[in-house]
Amino acid sequence: ETGVTQSPTHLIKTRGQQVTLRCSSQSGHNTVSWYQQALGQGPQFIFQYYREEENGRGNFPPRFSGLQFPNYSSELNVNALELDDSALYLCASSPGGNQPQHFGDGTRLSIL
Amino acid sequence: AQRVTQPEKLLSVFKGAPVELKCNYSYSGSPELFWYVQYSRQRLQLLLRHISRESIKGFTADLNKGETSFHLKKPFAQEEDSAMYYCALSPLLNQGGKLIFGQGTELSVKP
């Protein structure tokens, strides 16, 4: 059973640029959630996708957007990057229902 | 407001001592509560959830709705328990919804 995989592992961008982060969900999982984890903080919910539709969103501006594909993999896109966007971005997948979420290793994004 | 509070950033104990990691939550409905753990250089993983009432690696947690708490306990700490522990709340019971995390508590078990 392949777990949640995220790419890239590290990324350096400058203010104003755009970035796309990718996530492959665990086999059999149709729900993907994205979280932002700033240094020294717990993960914060960005949004969730279920069967290619956004299914809940946290307190993040519209420049944070996402997609889910028919194979349930997902992308997180962030436009107009700001210094405060520097964080670890975590993807988590689940089979839906009341099943718990399984996390990937994350993508470390640094904004210069 | 939906919130999870872990009052201790760092908890340091000696091997064999009891451990209690505190978690308090704020939510008006019937949440589902979880403990996630992150060992050094590993990904975040589920330790236990309140509805399963299991004991994992000797850890237990009881949901106290009156005190809105979900403290994690272990009677005898081991060095391999050293890790970052996050308490999390899912406000949508049985719907696999978003997780609201606390800030985390780093547990250090000394020999």
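Quick note on labels: first sequence line is chain A, next is B, and so on, each numbered from 1. Everything numeric here is computed off the predicted structure, so don't read it as measured data.
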Can you tell me if [atom1] on [X] sees more than 12 non-hydrogen neighbours from other groups inside 6.0 Å?
{"X": "F14(B)", "atom1": "CZ", "answer": "no"}
{"X": "L10(B)", "atom1": "CG", "answer": "yes"}
{"X": "K73(B)", "atom1": "NZ", "answer": "no"}
{"X": "E80(B)", "atom1": "CD", "answer": "yes"}
{"X": "N71(A)", "atom1": "CG", "answer": "yes"}
{"X": "R3(B)", "atom1": "CZ", "answer": "no"}
{"X": "F76(B)", "atom1": "CZ", "answer": "no"}
{"X": "R15(A)", "atom1": "CZ", "answer": "no"}

Roughly how far apart are [X] [atom1] and [Y] [atom2], rounded to 0.5 Å?
{"X": "Q101(A)", "Y": "F34(B)", "atom1": "CD", "atom2": "CZ", "result": "7.5 Å"}
{"X": "D105(A)", "Y": "R41(B)", "atom1": "CG", "atom2": "CZ", "result": "13.0 Å"}
{"X": "L46(B)", "Y": "H102(A)", "atom1": "CG", "atom2": "NE2", "result": "7.5 Å"}

Answer with side chain, backbone, both or neither: which region of Q37(A) has an atom nearer than 4.5 Å to a non-hydrogen atom of chain B?
-> side chain

Contacting moiety of Y35(A), where chain B heavy atoms sit under 4.5 Å = side chain

Is F64(A) linked to F45(A) within one hydrophobic cluster, defined over Ile, Leu, Val, Met, Phe, Trp and Tyr using a side-chain heavy-atom separation of less than 4.5 Å?
-> no

Y72(A)-W34(A) co-clustered via ILVMFWY side chain contacts under 4.5 Å = no

Residue pair P43(A) / Y86(B), side-chain heavy-atom distance below 4.5 Å | yes

Side-chain contact test, heavy atoms from C-beta onward, threshold under 4.5 Å: evaluate it for F103(A) versus L99(B) and give yes or no.
-> yes

Hey, which residues of residues 103-111 of chain B are touching chain A, say heavy atoms under 4.5 Å apart?
-> Q103(B)

Of the non-hydrogen atoms in P100(A) and R49(B), which two are nearest, and what is the gap between them?
-> CD-NH1, 3.3 Å

